[in-house]
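For reference, the structure discussed in these notes is given below.
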Amino acid sequence: MLDIKRIRDHTEEVRQALAKRMDAIDFRELLDWDEARRRTQAELETLRSRRNEVSGQIPQLKKSGEDVQPLFEEMKRVGSEIKALEAAAAEHEARVETFMARLPNIPDEDVPSGDKDNNQVVATWGDQPTFDFATRDHVELLSSLKMVDYERGTKLGGRGFWIYRGDGSRLEWALLNYFVETHLAAGYEFMLPPHILLPQCGYTAGQFPKFGDDVFYLESTEERERQFLLPTAETALINLHRDEIIDEGSLPLKYFAYTPCYRKEAGSYRTEERGTVRGHQFNKVELFQYTRPEDSAAALDELLDHAKRVVQGLGLHYQVSLLAAKDCSDSMAKTLDIEVWIPSMRQYKEVSSASNARDYQARRGQIRFRRQGTKKPELLHTLNASGLATSRLVPAIVEQFQQADGSVVVPEVLRKWMGKERLSPSAT
RNA sequence: GGAGGAGUGGCCGAGUGGUCGAAGGCGGCGGACUUGAAAUCCGCUGAAUCCGCAAGGGUUCCGGGGGUUCGAAUCCCUUCUCCUCCGCCA
């Protein structure tokens, strides 16, 4: 959510900043409703003030034996006027709210405008591996090594689901262990949140109302309590401190959480994204920070560096992209993706997305902090970064580290959990 | 799932229809006293929002939502959370 005051006072500036990510926007209607809302509010408060005044007088008048009946009559009228104005105010507020809830965040200065064609590669690590033999793609490798069962996954969950088995499960779990160990060492607190969340959580994260269609809902007659399966642990972590005021001294707050992520991914199925590159359920560890506004830019660098080190630890070749405005999630002012090389696709695929939401999510969730020695609470900044999405990493690992004999070399850092250096068809 | 009980400001806790944003205490901040500290005394000490250049003023908030009433922290309905007992169950 943007600050409506900023739109009121700097309409043109906001319009231009948003032009990087969306079509020209007309704020007139919004500002009219906002104006009406404030006017109604003022009238309402005058009437309520009168009512409070009279309510204070009545006991005294009664005591001195005066007739309060005429006052009752007046107050009855005032009461119904108040009711009418309350309804009008609620209506105006709802219109402002509806408009505001759909506005995306303002991109940072250094974020390129336009869509993903304008993404800028800002860093590369390692080289594209070369092979002197006919390589296999990850679907082939994972099947032949009996690490993933695609057919039975579909039998169980339908299209877009798979089953990790044997070394596949162990690799997945080893990655999670590696992430947990690394994040703990970096001072992040380990959280295991519910996977089923209330609608308010999606709103605070900025996923609702706009992207409410990409999540799986649980049945409920009441829309306001219709729970959903979380599409990322970020949705849970942003809500940890919703409606709270945090002491400045305890910032930054650093968390990470492991959850599966459940997404409909409606219409995004493409043949080259078969296998475990895109599914309705995938595992991810999410890093999250709550910071003071002046610290969020540095925190984004820190999150990105941390995520990069995790990928480097695995020895995978990757690049880092600064996303163009239209490619960022609506909630984010700036996003950098770590994209790992998938040889069979001849493409870099996102395994981590590090973003600064600035105060956009904090405003939706009323998440604030109080500076030492000041009275007024301020909105804080929130940031998140995947650390990492395992299901995207597995294809990269088996493809990048495949050998001529169809085996796969296990990255050094995972061996203590895998218990072996090499995954080979014969050994499974 | 059933039966009771409770949810009040940073914390504890009083308040059962009227002048209550709410006694009292603790904590915190400022001051007096003191070489300093402790103790003591005095004052201040929630949030949101609107009007205003400001000073200041208004309104709302006593778990959430709705209702009754001229007027609700107080009465009614509903919902959530916690506690106790019973039942059931990984």
Side-chain angles (χ1 to χ4, degrees), chain A residues 1-9 30-97 99-101 192-204 218-228 236 239-251 253 359 361-380:
Chain A
M1 186 102 75
L2 300 179
D3 184 357
I4 192 158
K5 281 198 197 107
R6 188 164 168 193
I7 298 177
R8 213 145 62 198
D9 300 339
L30 171 72
L31 293 174
D32 285 349
W33 285 117
D34 179 49
E35 169 76 34
R37 193 197 83 209
R38 286 182 298 150
R39 207 174 41 236
T40 315
Q41 184 85 9
E43 288 172 36
L44 187 55
E45 285 173 10
T46 310
L47 286 178
R48 289 212 265 236
S49 174
R50 170 68 184 152
R51 181 175 70 184
N52 289 344
E53 189 191 349
V54 172
S55 291
Q57 291 168 352
I58 283 176
Q60 285 149 332
L61 294 175
K62 267 187 170 168
K63 217 175 273 174
S64 55
E66 288 186 47
D67 180 18
V68 291
Q69 208 49 45
L71 275 180
F72 278 10
E73 294 305 319
E74 184 199 341
M75 285 307 101
K76 228 174 180 133
R77 278 198 312 278
V78 169
S80 56
E81 269 183 75
I82 286 176
K83 251 190 180 131
L85 281 175
E86 277 172 345
E91 160 82 8
H92 298 154
E93 196 145 333
R95 286 187 188 262
V96 170
E97 164 70 24
F99 194 104
M100 292 298 292
L192 291 171
H195 300 178
I196 293 175
L197 302 175
L198 288 164
Q200 175 66 50
C201 295
Y203 178 84
T204 301
L218 274 62
E219 267 189 54
S220 163
T221 43
E222 290 288 330
E223 190 177 337
R224 47 171 283 277
E225 56 195 33
R226 194 173 12 143
Q227 293 159 310
F228 62 98
N239 281 280
L240 242 34
H241 296 293
R242 194 177 70 215
D243 296 319
E244 290 183 19
I245 297 169
I246 294 163
D247 283 338
E248 182 179 22
S250 50
L251 295 177
L253 291 167
D359 64 8
Q361 294 176 320
R363 185 172 290 104
R364 291 172 90 95
Q366 284 302 300
I367 311 167
R368 293 165 296 171
F369 76 105
R370 202 190 312 271
R371 287 185 195 278
Q372 242 100 60
T374 63
K375 300 194 68 162
K376 205 170 165 57
E378 272 176 67
L379 293 170
L380 42 71

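Since the model is a prediction, treat every value here as computed from it, not as a measurement. The sequence lines fix the lettering, A, B, ..., with proteins before strands; numbering per chain opens at 1.
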- Any A:Arg370 side-chain N or O less than 4.0 Å from OP1/OP2 of B:rA47: yes
- Item | Nearest-angstrom distance, C1' atom, B:rA48 to B:rC41 | 36 Å
- Note on the structure: A:Ile4 atom CD1 is separated from B:rU49 atom C1', nearest whole Å, by 13 Å
- Is the shortest side-chain N/O distance from A:Ser49 to OP1 or OP2 of B:rU59 below 4.0 Å? yes
- How is A:Gln57 classified with respect to the nucleic acid when contacts are heavy atoms under 4.0 Å: base, sugar-phosphate, or nothing? nothing
- Task: Scan A:Arg368 against the nucleic acid and name what it touches under 4.0 Å (heavy atoms): base, sugar-phosphate only, or nothing.
- Result: sugar-phosphate
- Message: Under a 3.5 Å threshold, yes or no: a donor from one side chain and an acceptor from the other, between A:Ser49 and A:Glu53?
- Response: no
- Distance in angstrom units between A:Glu244 CD and B:rG46 C1', rounded: 16 Å
- Quick one: CG on A:Leu44 to CZ on A:Arg37, what's the gap to the nearest 0.5 Å? 12.5 Å
- Take atom C1' in B:rC20 and the same atom in B:rG46, then report the distance between them in whole Å. 15 Å
- Message: Suppose we define a pair by two distances each less than 3.5 Å, Watson-Crick or G-U wobble; what does B:rA47 pair with here?
- Response: B:rU60
- Which parts of residues 75-95 of chain A get close to RNA chain B, meaning a heavy atom less than 4.0 angstrom away? A:Met75, A:Lys76, A:Lys83
- Quick one: look up who B:rU19 pairs with, Watson-Crick or G-U, both distances under 3.5 Å, and put none if it's unpaired. none
- Distance between the P atoms of B:rG13 and B:rG58, in whole angstroms? 33 Å
- With C1' as the reference atom in both, quote the distance from B:rA47 to B:rA37 in angstrom, rounded to an integer. 36 Å
- Interatomic distance where CG belongs to A:Leu47 and P belongs to B:rC70 [whole Å]: 17 Å
- Distance between C1' atoms of B:rG28 and B:rG87 (Å, rounded): 48 Å
- Message: What contact category does A:Leu71 fall into here, base, sugar-phosphate, or nothing, at under 4.0 angstrom with non-hydrogen atoms?
- Response: nothing
- Item | C1' spacing across the pair B:rA55 / B:rG64, given as an integer number of angstrom | 38 Å
- Message: Go through it in stages, so that I can follow the logic: the residues are A:Asp359 and A:Arg363, the test is salt bridge (Lys or Arg N to Asp or Glu O under 4.0 Å), and I'd like the CA-CA distance, side-chain angles, deciding distance and then a yes or no.
- Response: CA-CA 6 Å; A:Asp359 64 8; A:Arg363 185 172 290 104; 3.1 Å; yes
- OP1 or OP2 of B:rU59 under 4.0 Å from side-chain N/O of A:Asn52: yes
- Task: List the steps and the verdict of side chain to side chain contact (heavy atoms under 4.5 Å, CB included) for A:Ile7 and A:Leu30.
- Result: CA-CA 9 Å; A:Ile7 298 177; A:Leu30 171 72; 4.1 Å; yes
- If the P atom of B:rG4 is compared with that of B:rC77, how far apart are they to the nearest Å? 13 Å
- Note on the structure: To the nearest angstrom, the CD1-P distance between A:Ile246 and B:rG46 comes to 21 Å
- Task: Round to the nearest Å and state the distance from A:Asp243 atom CG to B:rA47 atom P.
- Result: 16 Å
- Task: Output, in order, the C-alpha distance, side-chain angles, deciding distance and verdict of salt bridge (Lys or Arg N to Asp or Glu O under 4.0 Å) for A:Glu86 and A:Arg48.
- Result: CA-CA 11 Å; A:Glu86 277 172 345; A:Arg48 289 212 265 236; 2.8 Å; yes
- Task: Report the distance from atom CZ of A:Arg51 to atom CD of A:Glu74, rounding to the nearest 0.5 Å.
- Result: 12.5 Å
- Message: If you apply the rule salt bridge (Lys or Arg N to Asp or Glu O under 4.0 Å), what do you find for A:Arg77 with A:Glu81, and how did you get there?
- Response: CA-CA 6 Å; A:Arg77 278 198 312 278; A:Glu81 269 183 75; 5.7 Å; no
- Pick the C1' atom in B:rG25 and in B:rU79, then give their distance to the nearest Å. 33 Å
- Query: In whole Å, what is the span from the CG atom of A:Leu61 to the C1' atom of B:rU19?
  - Reply: 12 Å
- Task: Starting at atom CG of A:Leu44, determine the distance to atom P of B:rC50, rounded to an integer number of angstrom.
- Result: 14 Å
- Query: Given that A:Val54 and A:Arg50 both sit by RNA chain B, which one's nearest nucleotide is further toward the 5' end?
  - Reply: A:Val54
- Per nearest nucleotide of RNA chain B, the residue lying toward the 5' end, A:Glu45 or A:Gln366, is A:Gln366
- For B:rC51, does OP1 or OP2 lie under 4.0 Å from any side-chain N or O of A:Arg38? yes
- Task: Whole angstrom is fine here: how far is it from CD in A:Gln200 over to C1' in B:rG64?
- Result: 12 Å
